[in-house]
Amino acid sequence: MRRTATRRHYLMVRPTYFDVEYSINPWMDPKKPTFTEVAVAQWEWLRNLYLELGHRVEQLQPRSGLPDMVFAANGATVVNGQALVARFRHTHRCPESAAYLRWFREHGYRNVRQARWINEGEGDYLLAGPRLLAGSGFRTNTEAHLESQEFFGMPVVGLTLVDPRYYHLDTALTVLDHDTVMYYPKAFSASSRRLLEELYPDAITASDDDAAAFGLNAVSDGRHVVLPQAATGLVGQLRERGFEPIGADLSELLKAGGSVKCCTLELRAGQTEGPRHGR
Ligand code: ARG
């Protein structure tokens with residue numbers, strides 16, 4: 001089966017001030033040294049890859065004192081030109097919201113506001129065809145799910161995360177195309193697992209090792225799937241299903257508990273774009 005890529009539009013934040021200064025997830029150890037220039041080089045590689053794949057990439061200016069700002073996925077959720085800006089759980093990241101609010105207002109988005117409830121953007125909201133899959137358990141509140149459903153006017157399917165290593169939905173599940181996902185079952189509560197099995201009987205499921213390699217923190221354009229290269233099992237499973245996996249080394253950013261998807265916020269203007277041939 002041949003998969004079709006569609007051209008995407010992403011927002012990214014250069015890790016100019018990247019560091020691990022505090023710990024708000026189990027991956028972060030402020031005692032471990034970090035190398036900002038390595039983070040920047042790895043991030044530049046990812047940005048160039050998106051451009052090579054034919055995607056458009058916008059940049060929001062990083063701010064000093066906000067070392068997690070590189071994780072653009074957390075800044076907002078954008079569907080049909082409507083942007084619901086994050087309200088972060090931890091005070092360390094709260095000032096990031098203002099930068100996103102300003103950016104969307106300056107770039108002509110028609111409906112922009114900050115979420116009332118704690119909501120970490122595309123870290124916990126993944127658009128899957130006609131519905132938004134929404135995580136809770138560690139960051140985003142379940143009240144935020146209802147708020148998002150009202151804001152976007154589309155059904156929100158709540159999923160409960162139970163393993164602190166997989167604290168955002170985008171660390172436990174990847175949307176590969178409208179109706180295909182891959183996920184790590186053990187990251188979810190028993191009832192959320194049943195829900196996922198019912199919605200996606202043909203899903204790819206990740207092994208313990210692939211999940212721990214952050215393999216589900218991946219970005220798909222419908223054909224190319226950019227994922228941490230250490231997730232070798234998923235690379236094989238994706239190939240078998242006709243996807244084109246592309247391994248990324250974002251080891252420096254992993255020290256903060258982030259990888260490919262965390263660095264990538266998808267901008268969905270609402271216009272329909274025709275299918276495009278991959279490389
Ligand atoms: N250190 C950041 C935090 O804990 C990492 C965020 C990763 N982003 C993501 N979309 N999963 O908030």
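Atoms within each ligand, like the ligands themselves, are counted from 1 in listed order. Reckoned from all heavy atoms, side chains included, excluding hydrogens, waters and symmetry mates.
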Between [options], flag the one that comes closest to [atom] by a heavy atom.
{"atom": "atom 4 (O) of ligand 1", "options": "His168, Arg139, Met28", "value": "Arg139"}
{"atom": "atom 12 (O) of ligand 1", "options": "Arg93, Lys261, His92, Arg89", "value": "Arg93"}
{"atom": "atom 2 (C) of ligand 1", "options": "Asp68, Asp124, Leu169", "value": "Asp68"}

Contact with ligand 1 for Tyr167, non-hydrogen, under 4.0 angstrom |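 In this structure, Tyr167 qualifies as a contact of ligand 1 - some heavy atom is under 4.0 Å.
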Close approach of Glu122 to ligand 1, heavy atoms, under 4.0 angstrom |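 The answer is no: ligand 1 sits nowhere under 4.0 Å from a heavy atom of Glu122.
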Tell me, which protein residue and heavy-atom name are nearest [atom], and how many Å apart are they?
{"atom": "atom 6 (C) of ligand 1", "answer": "Asn74 OD1, 3.4 Å"}
{"atom": "atom 1 (N) of ligand 1", "answer": "Ala256 O, 2.8 Å"}
{"atom": "atom 9 (C) of ligand 1", "answer": "Cys262 SG, 2.7 Å"}
{"atom": "atom 10 (N) of ligand 1", "answer": "Asp170 OD2, 2.6 Å"}

If only atom types and distance count, is the side chain of [X] paired as donor or acceptor with the main-chain N or O of [Y] below 3.5 Å?
{"X": "Gln82", "Y": "Asn111", "result": "no"}
{"X": "Glu147", "Y": "Arg116", "result": "yes"}
{"X": "Tyr17", "Y": "Thr36", "result": "no"}
{"X": "Tyr167", "Y": "Gly257", "result": "yes"}

Inspect the contact between Asp208 and Lys186 and indicate whether a charged nitrogen and a carboxylate oxygen are less than 4.0 angstrom apart.
->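 Asp208 and Lys186: salt-bridged.
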Does the pair Arg8/Glu266 count as a salt bridge with the N-to-O cut at 4.0 Å?
->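 Yes, this pair counts.
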Does the cation-pi check pass for Arg3 over Phe243, that is, NZ or CZ under 6.0 Å from the six-membered ring centre and within 45° of its axis?
->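 Yes, Arg3 lies over the aromatic ring of Phe243.
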Per-atom contacts, ligand 1 versus Gly123 - under 4.0 Å to a heavy atom =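 Counting atoms of ligand 1 from 1, those under 4.0 Å from Gly123 are 10 (N).
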